[in-house]
Amino acid sequence: MLRHSLRFKHVKFLLGYTTIRNQAQCAGKGVVASAVQQNNLPVISFQKPGPHVLDDELRLIPSQEIDNPLVVDSSFEGVTPLFSPSFNLASLVNKSELLQLMVKLGVSIHQWERKTDVHSWVMALDFKKDVQPIIQFLVDQGVASDSLGLFFTKNPYILKSSIEDLEIRINYLHSKKFSSEMISRILSRNPHWLLFSPERIDNRLGFVQQTFHLTGDELRAVATKESRLITSSLQGIKLMNFGFKEEMGFEAHQIKELLLAKPKLWLMNKSMLVDRFDYLHNTMKMDYESVLRFPAVLTCRGFRIKQRHEFLCHLNRAQYDPKLPRYVSPLQIISDSDTYFAVHIARSSIQDFNDFCKTM
Amino acid sequence: MCLYKPTQISWKQMRNTLAFNISRDINELEQDAPRKYVKIESLTDGTNVDLPAPASYSVTTIPNLADHELVRGPAILADDLRLQPGNLLGFRTAGVVVVGLNKGNRSLHNLNLSRPTSAYHIKSQFGLATDSHWDDGKVWEKTTFIHISRDKLDRMLASIQASNQKKMFEYCGVDPQSQTAYELASKGLLRPAVNGPPLIYGIKCVHFNPPDFTLEIHCVNENEQYMAALIHDLGLSLKTTAVCQQIRCIRYGCFTVDDALLRKHWSLEYLPDHMSHCHTKLRSLPDIGPQLATYDRLQSSQNPPTKS
């Protein structure tokens, strides 16, 4: 709106035009319509203030006649950017069908702006040509339509990829004997997987297989269970192995057991994991076999285990040997709410547990 | 609000957890529907410029998607909340922390001006000296402690308390034996200024089971290093050595451990009731008035007169 009226006024000034234009005369030619548009968007069908409005009533200065952008052949539509500069995508949402569809799917446009540079290219996408085939492709591969929103929030770059590339990557997985259910689970849980070329994925799968001496089935099981492991940093996996072997003292076959049972451990923070294991092994006197039998114990936050263990010690109920009576299993320590734990496992009350926590 | 700070957590982490929890809970509450967006569209074909006047417009009101939660983002961010600590505990100190939220920071400021005392329980052990004065530091020496009796410990603590009280008067610039000192003391406990040195008002042993023992300290302007060093010096003066195992703040002003909220309760479910309880407690405090002597009142009257 501002641009149009500025230009109009500018032209008026140049041409010495002084009569106050009737609002109705300049209306409907794109001036009023654009006055209502919020951001001059996406005015592909440019509505120029009709040249006839000026022709009959004005005498143009000859040198300016050629430069006057309004006095040109009617077939020339004028040049304007598709979208004027905008502070955020929110101002474009009401005009853009693509963004409206994304919101309907459940994509968080806000997250796009915060974390990625999507705004620089997303408006140039054509829904029918670019986006719809990809949505169709993903749904065909087994990604649930409710989770498409989360998918695109986490990985908007897939909207830029070509269908051929995606198909090659899926074919690669099929060739490595991944079943359709496996593939749909991998894609649902790890939206970034499809950004990796088959060579990269092949490298990573090979690395994991060689490091842990996995068979084909085991590798497929690990990749399906925690596909983020394959797309995470390989250096991280090496570091974590070092942690397990040297710092925690697990043996190679035990590490493999842990990987097959809970591959998520390799995505965690190594120093925190080592501290937790240190507490479990040295303070709670939990041996390697117990940790291997209940690997979930390593994923529980340290302070929770400490609180519950100390409370049991306080009540003289910290008995972790399965052969003796009143045995408390590691799973019981980490699961359930504090209330359940306090009443059923510690045989006390939640009030006592809370008071005890305040003395820690 | 009064929170129970767990050990091994800095104020920054605590503040972030609290702010995140509150903003997450507020964002999960029911939100207003998106505002309306009035769309006025020309119904005429824009290319036909020979029509003299606009034929008709359609006016529709649709929900403004720019206001949709997915587009504009969360209603409240963690940074929108202003949280200030009343007393800053050290990294390894657990215990009561009084926190002010937004407007509550004003009452917190006033509370701080009245220089409330804090009470600590320090669990320590004889026989060890480390570099950090804590039991998990690098061990410098080990000593015997058989010769320490409850009696000796109590006498040492009493002398510490007495010397601190004498220091109190000295900081105010009066002779402890004088009439002025008596008058000042009778009006209420003397307090140093905000940035003054740590002062101990009371220290006693509440649990004695060598090598372990627990001290209760009532003090002002303290910090974690001071207390750890105090334990170390105490051990040295008893011809042995001592280290801290646990420092726990059990009281700050009128807020005790019973009022404090555990970490699992730092959410919108428990906070409003808790905050009104704290508010009631603050209101019920007696109004101390400006007669309370401050550290440099006699020296330079920089600090404003205290009031609760």
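Quick note on labels: first sequence line is chain A, next is B, and so on, each numbered from 1. These numbers come from the heavy atoms of this one structure, side chains and all, not from hydrogens, waters or symmetry mates.
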- Message: Within this structure, what is the NZ-SG distance for the pair B:Lys264 and A:Cys357, rounded to the nearest 0.5 Å?
- Response: 5.5 Å

- Task: Can you measure from CG (B:Leu70) to CH2 (A:Trp112) and round to the nearest 0.5 angstrom?
- Result: 11.0 Å

- Give a yes or no on this: more than 12 heavy atoms of other residues, nucleotides or ligands lie within 6.0 Å of atom NE2 of B:His277. yes

- Note on the structure: Scanning both residues in full, the closest heavy-atom pair of A:His110 with B:Pro74 reads NE2-CD, 3.3 Å

- Note on the structure: Distance col, row A:Gln100:CD vs B:Ile62:CD1, nearest 0.5 angstrom, shows 7.0 Å

- Just by distance, do the side chain of A:Lys358 and the backbone of B:Leu262 share a donor-acceptor pair under 3.5 Å? no

- Message: To the closest 0.5 Å, what do you measure between CG (B:Leu65) and CG (A:Leu99)?
- Response: 9.5 Å

- Task: Give, as side chain, backbone, both or neither, the part of B:Asp258 having an atom under 4.5 angstrom from any heavy atom of chain A.
- Result: backbone

- Pairwise distance OG1(B:Thr7) to CZ(A:Phe303) - rounded to 0.5 angstrom: 13.0 Å

- Counting only heavy atoms not in B:Lys281, do more than 12 fall under 6.0 Å of its NZ? yes

- Item | Toward chain B, the part of A:Thr153 with a non-hydrogen atom under 4.5 Å | neither

- Of the backbone (N, CA, C, O) and the side chain (C-beta and beyond), which part of B:His121 lies under 4.5 Å from a heavy atom of chain A, both, or neither? neither

- Query: In terms of heavy-atom pairs under 4.5 Å, which option from A:Leu89, A:Asn354, A:Asp355 contacts chain B the most?
  - Reply: A:Asn354

- Contacting moiety of B:Pro6, where chain A heavy atoms sit under 4.5 Å: neither

- Query: Atom NE2 of B:His265 and atom CG of A:Asp338: how far apart are they, to the nearest 0.5 Å?
  - Reply: 7.5 Å

- Query: Is B:Arg150 atom CZ crowded by more than 12 heavy atoms from other residues, nucleotides or ligands, each under 6.0 Å away?
  - Reply: yes

- Side chain from CB out, backbone as N, CA, C, O: work out which of these in B:Arg248 comes under 4.5 Å of a heavy atom of chain A, or both, or neither. side chain

- Message: Is there a side chain to side chain contact (heavy atoms under 4.5 Å, CB included) between B:His68 and A:Val93? Walk through the geometry before answering.
- Response: CA-CA 10 Å; B:His68 193 278; A:Val93 138; over 6 Å; no

- Closest contact, heavy atoms only, B:Ala66 versus A:Ala90: CB-O, 3.1 Å

